[in-house]
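Down below is the structure, laid out as structure tokens.
As the structure is a prediction and not an experimental result, all values here were calculated from the model. Atoms within a ligand are numbered from 1 in the order they appear, just like the ligands themselves.
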Amino acid sequence: MNICVVGTGYVGLVTGVVFADLGNEVVCVDKDERKVELLRSGRSPIYEPGVEELIGRGMEEGRLRFSTDLARAVRESEVVFIAVGTPSLPSGDPDMGQVEQVAREIAGALNGYKIIVNKSTVPVGSGNYVRDLITRYAAADVDIDVVSNPEFLREGQAVYDTFNPDRIVIGATNQRAAMKIMELYAPLERPMLMTDLASAELIKYASNCFLALKISYINAISRLCEKAGADVTLVAKGMGYDQRIGAAFLQAGLGYGGSCFPKDVAALISTGDKYECDMGILRSVQKVNDAQPVHFVSKIRDTLGGLKGKTIALLGLAFKPNTDDLRDAKSIEITALLTKEGATVRAFDPAAAERFESLYPQLYYAANAYDAAEGADAVALVTEWNEFKQLNLERLRAVMRQPYLFDGRNIYNPARVRAAGLVYEGIGRPREPERA
Ligand code: UDX
């Protein structure tokens, strides 16, 4: 099938390279010439395992191209995916500017029947809106169908998720369009769900907000654990065995960040307001999430007896491991809080340090975790990169000024940390082990 994917961010690029790998003829379009040049040289503008291999293979075998010429790519394609960004506006609504722009350009290029597929995360009602826009701006009478096909891939494992989705959701207004998109996904042999447009659009938001809710729920429980002397990692484990609950997304920590959850929760609250449907439950999710980094810093402050003049080593800056993405990363807020109160921050991240440096040029950027801990009063684990899980804690302790380890993601065994001569403090875990 001839496909055009507009937008080469995480969603667009990974979708494009995977469809090419499945044997389709794919043109990935972006208005950013530098990005397109980089892609043509076989390199990926995003840090994502496996993407460059797929770019190389697709180009070599002649099925994958990169272009800035949207009109030509649309004319050559049967199916056009819209996968451009929809960042949050201050109101919480997604900014539909890029989607609108692309819809108009598609309208101007139409030369026959096309299926326009919305892959960008857009509020319920957007499919109809895009169809109306295209019909209004099309040069001649056109025959198009608009399909909603939300994307559920996770950064850091985007290629795996795209080849192995839990489900493929296809929201369409007629069989003809739905069948065509089903055909495209058939080689993956994964469950497919056909719905109307509005339901498909809501499935994306309802899923992401539910995952955010699980995280905030366990973070709220972690606060109770701290007061009651319980260990949230054990509570989560005990809950997770219940198949109705499931173990995933029950890791208490510094809260969710990234490009999706914060934005999608805000957007669903705003959609609720528009339909006069109070999403109070999601306001609570936001409230718990916003409080986590503040609570973490207050633990450090209380333990050290103030932050002025103290040195804190931050391990991990990216919003989660295996990415260099800093969107809504908790490290940003934690650094702001620490430095505002006069602490010195020494930071290390295996991938995101360079980007962080443009936000905070005044910090010391360490070569590794031990270098970051040199002379520190406390080490604060912010992102659970694998390489931090097996640190030599005795070596870490030896270079620190004071022995405090704040584990923002509960990756360490407290007894093991204490045995290395460090004072351990996690999230929702007892300060000292209960005496038997
Ligand atoms: C998420 C969704 O998982 C994906 O389906 C959607 O398409 C995009 O948004 P992503 O943002 O890449 O993906 O990351 P994810 O692995 O889901 O983690 C999101 C955030 O939640 C991270 O900040 C992570 O640290 C946090 N998290 C996750 C927790 O705090 N606890 C958990 O148990 C799980």
Positive for salt bridge (charged side-chain N to carboxylate O under 4.0 Å, His left out) with D145, one of K114, K180, R176: R176
Inter- and intrachain pairs under side-chain hydrogen bond (donor to acceptor under 3.5 Å, both in side chains), touching residues 243-257, at least two apart: D242-R244
Residue list, ring-ring contact (aromatic ring centres under 6.0 Å, His included) with Y360, at least two apart or on another chain: F356
Y185 ring center near F19 ring center (under 6.0 Å): yes
Partners meeting side-chain hydrogen bond (donor to acceptor under 3.5 Å, both in side chains) with N24 (sequence neighbours left out): none
First-shell residues of ligand 1 [heavy atom, distance under 4.0 Å]: E151, F152, L153, R154, E155, K204, N208, I215, F249, L250, Q251, G255, Y256, G257, C260, F261, F319, K320, R409
Side chain to side chain contact (heavy atoms under 4.5 Å, CB included) assessment of T383 paired with R409: CA-CA 7 Å; T383 313; R409 302 286 175 178; 5.7 Å; no
